[in-house]
Amino acid sequence: MSRRSRTYQPHDVIREDRDDGAILLRARADMGPVAERTTDWLDHWAEVTPEAVFLAERDGPGWREVSYAAARDEARAIAVGLTDMDLGPGRPVMVVTGNSVAHGLLALACQYAGAPVVPVAEQYAALPAARGQLDHIATLIQPAAVFAETPMEEVFTRDSLAAARPLTGQSLDALARVGGRLEARIGPDTVAKILMTSGSTSAPKGVLTTHRMMCVNQAQIAACLPFLRDRPPVLVDWLPWNHVFGGSHNFNLVLANGGSLYIDGGKPVPALVGQTIENNRLKQGTISFNVPVGFAALRDAMLGDRDFARAFFQDLDMLFYAGASLPQDVWTDLDRMAREVRDDLPLFTSSWGLTETAPAALLQHEPTDRSGVVGVPLPGVDVKLVPAETRYEVRVRGPSVFKGYHGNAAKTDEAFDEDGYFRTGDAMAFVDPSDMNQGLRFDGRISEDFKLMSGTWVRAAALRLHLLDGLKGIAQDVVLVGEERADVGVLIVPTADMRESARDDGAALLANDPTPIIEVLSAMKGGSAARVTRALILSQPPSIADGEITAKGNLNFARIRAGRADLIARLYDPSDPASITLGEL
């Protein structure tokens, strides 16, 4: 039997069409048994495979590895110390640090003790201009304690955290020595985490995430990907734990299935991507999770190193991208390299979900040959597709979907429709409208679309991906504009090379040779909503302090448009020297 034939369960979707035009989708399969608490997983594997590696981090030329038994004992000991500090249900612990063994053990200790853990993007503390976001979250959550792995005065002296007990790595050592009995204080409905939304459409909100939500989600995933239970997964993973993808999906996928998580201290940015490549050379995983730009960097490294490609693919069960569609050229290159290494393919796939859905709600668990497909409902997830122009808004409900935001009843009420479905604001389209088992493809956020003066809708997500593909080497990202104007324009966030080759006028860059940009724009076909006729290159990159970049590194398009209205006015002024304009349509 080939590896591919046993890696997935076939799609089997039930469809119901309602009189109001909505379409209901549900998987026919059952999700199977569900753990009651996330800590049950750690207790189980500490008994069944006590010496197996659970968490590891770099230590000099190698790895510091922590076994399941050691992790269980340490986390439970810290939990006793937390309880002794009166930390438990209703007394959150904010974590302001990156991924590490200490972070992982503290998070599990909090879950044993019943204290909601609140992981926060470390850049909110590291960047002085971003500390307003830290203050916003602290004021909202009112944590009883705050953890930074090393003493960080910029965190511990914040007025917003004055009432929080400061914790460091040394504090955890002391807590683990308190001693005593750990009393059972948690159940399926205990809040395990308060995860902050990205803040891409409004101020970050705290999503109340229970043990049940996370346990159900892992049962749903394993029901669709049974290879997870056949062979414990091994991950070499950088995705940040303050975000639901890295911190709930990936961390819990390892923990639920008795796998090993090797913490990658790198990131897919120029200064740190070398660490990611080195870590993947040192340790090969059975699953590779990443964002498209991360896979592009790994692809580039493997193109020049066949031994690295062979080591990366030879034992891989799944390659999983999220955050955006994987560019087709990257998909094609990875597919080709995998075929050169082995006689079958790992599952190339993606999923869809939000912080509020724990996160996975849709999963492509059959092989596909195209990027951008996010699949079908997981078992137990009810999907409602509500007509929105030529596509559908996706709404979901089920045991893995949250019940409310922390301290924000108004936003909670707004989040659900009359049938109890969570309004996600994301758009979907069918891969094949006649066959639900072909799945759905992500079609952008409805709030990112806008109308031109003519009343024509601009589908921003698809247009943005098209531009990014054409402007490789020029644009790191792009922001589409043109609401209530005659045509679509674009603000270009330039690559480092582009920035160096252009002249800065203080607010925009003047391209020495705009020809490559003009060629890309001129090649676009279609009506006014499908073409971009003008461009302007930003001299100042988006700012996390101003909310133009979210905690997970995405652009907040609405904030950029509002904050850079003067540049948009320049973009639509054909006499402006920095404005690159095609002229009349």
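Just so it is clear, the model here is predicted, and its values are computed rather than measured. Note: hydrogens, waters and symmetry copies are ignored here, and every other heavy atom, side chains too, is used.
Between D59 and R64 no salt bridge is recorded (no basic side-chain N to carboxylate O distance below 4.0 Å). Ion pair E393/R395 flagged as a salt bridge, since at least one NZ, NE, NH1 or NH2 atom sits closer than 4.0 Å to an Asp/Glu carboxylate oxygen. E47 and R72 are joined by a salt bridge, as a carboxylate oxygen and a charged side-chain nitrogen come within less than 4.0 angstrom of each other. Under the 4.0 Å criterion applied to side-chain N and carboxylate O atoms, R281 and E278 are not assigned as salt-bridge partners.
Figure legend: K205 and Y405 shown as a cation-pi pair, the cationic atom lying under 6.0 angstrom from the six-membered ring centre and within 45 degrees of its axis.
In this structure, CG on L319 lies 10.5 Å from CD1 on I287, to the nearest 0.5 angstrom. Separation of atoms CD1 (I446) and OG1 (T424) is listed at 7.0 Å; rounding is to 0.5 Å. Atom-to-atom distance recorded for L161:CG and I141:CD1 is 11.0 Å, nearest 0.5 angstrom. Here the straight-line distance linking atom CG of L385 with atom CE of M428 works out to 8.5 Å at 0.5 Å rounding. Within the model, atoms CD1 of I186 and CG of D40 stand 7.5 Å from one another, a figure rounded to the nearest 0.5 Å. A distance of 10.0 Å separates CG in D317 from CG in L225, rounded to the nearest 0.5 Å.
In this structure, H103 contributes its side chain and V95 its backbone to no donor-acceptor pair below 3.5 Å. No donor-acceptor pair closer than 3.5 Å links the side chain of D84 to the backbone N or O of V80. A donor-acceptor distance shorter than 3.5 angstrom exists from the side chain of D264 to the backbone of G266, with no hydrogens or angles considered. The closest donor-acceptor contact from the side chain of T49 to the backbone of A52 lies at 3.5 Å or more, if one exists at all. In this structure, T190 contributes its side chain and G114 its backbone to no donor-acceptor pair below 3.5 Å. In this structure, the side chain of T349 does not engage the main chain of H365 through any donor-acceptor pair within 3.5 Å. Although no hydrogens or angles enter the test, the distance criterion places no donor-acceptor pair under 3.5 Å between the side chain of R212 and the main chain of P399. One N or O on the side chain of E548 and one on the backbone of S543 form a donor-acceptor pair closer than 3.5 Å. Judged by distance alone, with hydrogens and angles left aside, the side-chain atoms of N217 form a donor-acceptor pair with the main-chain N or O of A360 at under 3.5 Å. Checked by atom type and distance alone, the side chain of R181 never pairs as donor or acceptor with a backbone atom of E183 at under 3.5 Å.
Ring-plane geometry between Y262 and W63 is classed as perpendicular, the angle between the planes exceeding 60 degrees on a 0 to 90 degree scale with a lower cut at 30. Relative orientation of the Y68 and W45 rings is tilted, given thresholds of 30° and 60° on the angle between their planes.
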- Query: Where do Q364 and L347 land on the side chain to side chain contact (heavy atoms under 4.5 Å, CB included) test, with the steps shown first?
  - Reply: CA-CA 10 Å; Q364 177 67 25; L347 182 66; over 6 Å; no
**Worked verdict on T197 versus V207 for side chain to side chain contact (heavy atoms under 4.5 Å, CB included)** = CA-CA 7 Å; T197 61; V207 176; 3.7 Å; yes
- Do R229 and N257 pass the side chain to side chain donor-acceptor pair (under 3.5 Å) test, and can you show the C-alpha distance, the side-chain angles, and the key distance before you say yes or no? CA-CA 6 Å; R229 290 174 175 156; N257 296 288; 4.6 Å; no
Side chain to side chain contact (heavy atoms under 4.5 Å, CB included) between D43 and Y112, worked out: CA-CA 11 Å; D43 290 338; Y112 274 118; 2.6 Å; yes
- Go through the steps to decide whether V101 and E65 satisfy the test side chain to side chain contact (heavy atoms under 4.5 Å, CB included), and finish with yes or no. CA-CA 9 Å; V101 167; E65 299 176 331; over 6 Å; no
In sequence, state the C-alpha distance, the side-chain angles, and the governing distance for N290 and W238, and then conclude on side chain to side chain donor-acceptor pair (under 3.5 Å). CA-CA 8 Å; N290 219 319; W238 66 270; 2.9 Å; yes
For D135 and R158, what are the C-alpha separation, side-chain angles and deciding distance, and is it a salt bridge (charged side-chain N to carboxylate O under 4.0 Å, His left out)?
CA-CA 8 Å; D135 291 335; R158 306 296 295 176; 2.6 Å; yes
Before you tell me yes or no, could you show the steps for D189 and T210 under side chain to side chain donor-acceptor pair (under 3.5 Å), namely the whole-Å CA-CA distance, both residues' side-chain angles and the distance that decides it to 0.1 Å? CA-CA 5 Å; D189 294 318; T210 64; 5.1 Å; no
Side chain to side chain donor-acceptor pair (under 3.5 Å) between E57 and S100, intermediate numbers included
CA-CA 7 Å; E57 62 189 356; S100 68; 4.8 Å; no
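Aromatic ring centres of F422 and F402 lie closer together than 6.0 Å. In this structure, the ring of F289 has its center less than 6.0 angstrom from the ring center of H249. Between F320 and F295, the distance separating the two ring centers is not shorter than 6.0 angstrom.
Residues N242 and V96 form no side-chain contact, since every pair of their non-hydrogen atoms from C-beta on lies 4.5 Å or further apart. At a threshold of 4.5 Å between non-hydrogen side-chain atoms, the residues V13 and R26 do not count as touching. Taking the side chain as every heavy atom from C-beta outward, L253 and P233 approach each other to under 4.5 Å. Side-chain contact check for P268 versus V291: some heavy-atom pair is nearer than 4.5 Å. Under the 4.5 Å side-chain criterion, counting only non-hydrogen atoms from C-beta, L261 is not in contact with N250. Counting heavy atoms from C-beta outward, N279 and R58 have side chains that approach closer than 4.5 Å. The shortest side-chain heavy-atom distance between L42 and L255 falls under the 4.5 Å cut-off. Side chains of F245 and T355 form no contact here, defined as non-hydrogen atoms less than 4.5 Å apart.
For the side-chain contact (heavy atoms from CB on, under 4.5 Å) criterion with T357, the lone passing option out of L362, V381, V396, L378 is V396. A salt bridge (Lys or Arg N to Asp or Glu O under 4.0 Å) with D417 holds for exactly one of R397, R423, K384; it is K384.
Here the shortest heavy-atom pairing between L140 and P204 reads CD2-O, 4.1 Å. Taking each heavy atom of L239 and D237 in turn, the nearest pair found is CD1-OD1, 3.4 Å. When all heavy atoms are compared, the tightest approach of L316 to G285 is CD1-O, 3.6 Å. Across P232 and G258, no two heavy atoms sit closer than the pair CB-O, 3.3 Å. The two residues K193 and S248 come nearest to each other via the heavy atoms NZ-OG, 3.0 Å. Between F312 and S288 the shortest heavy-atom distance is CZ-OG, 3.5 Å.
A side-chain donor-acceptor contact under 3.5 Å links Q111 and T38.
For Q284, the side-chain hydrogen bond (donor to acceptor under 3.5 Å, both in side chains) criterion is met by no residue, not counting sequence neighbours.
Residue-environment remark: CG (D159) stays at or below the threshold of 12 foreign heavy atoms within 6.0 Å. Remark: R165 CZ is loosely packed, at most 12 non-hydrogen atoms of other residues, nucleotides or ligands lying under 6.0 Å away.
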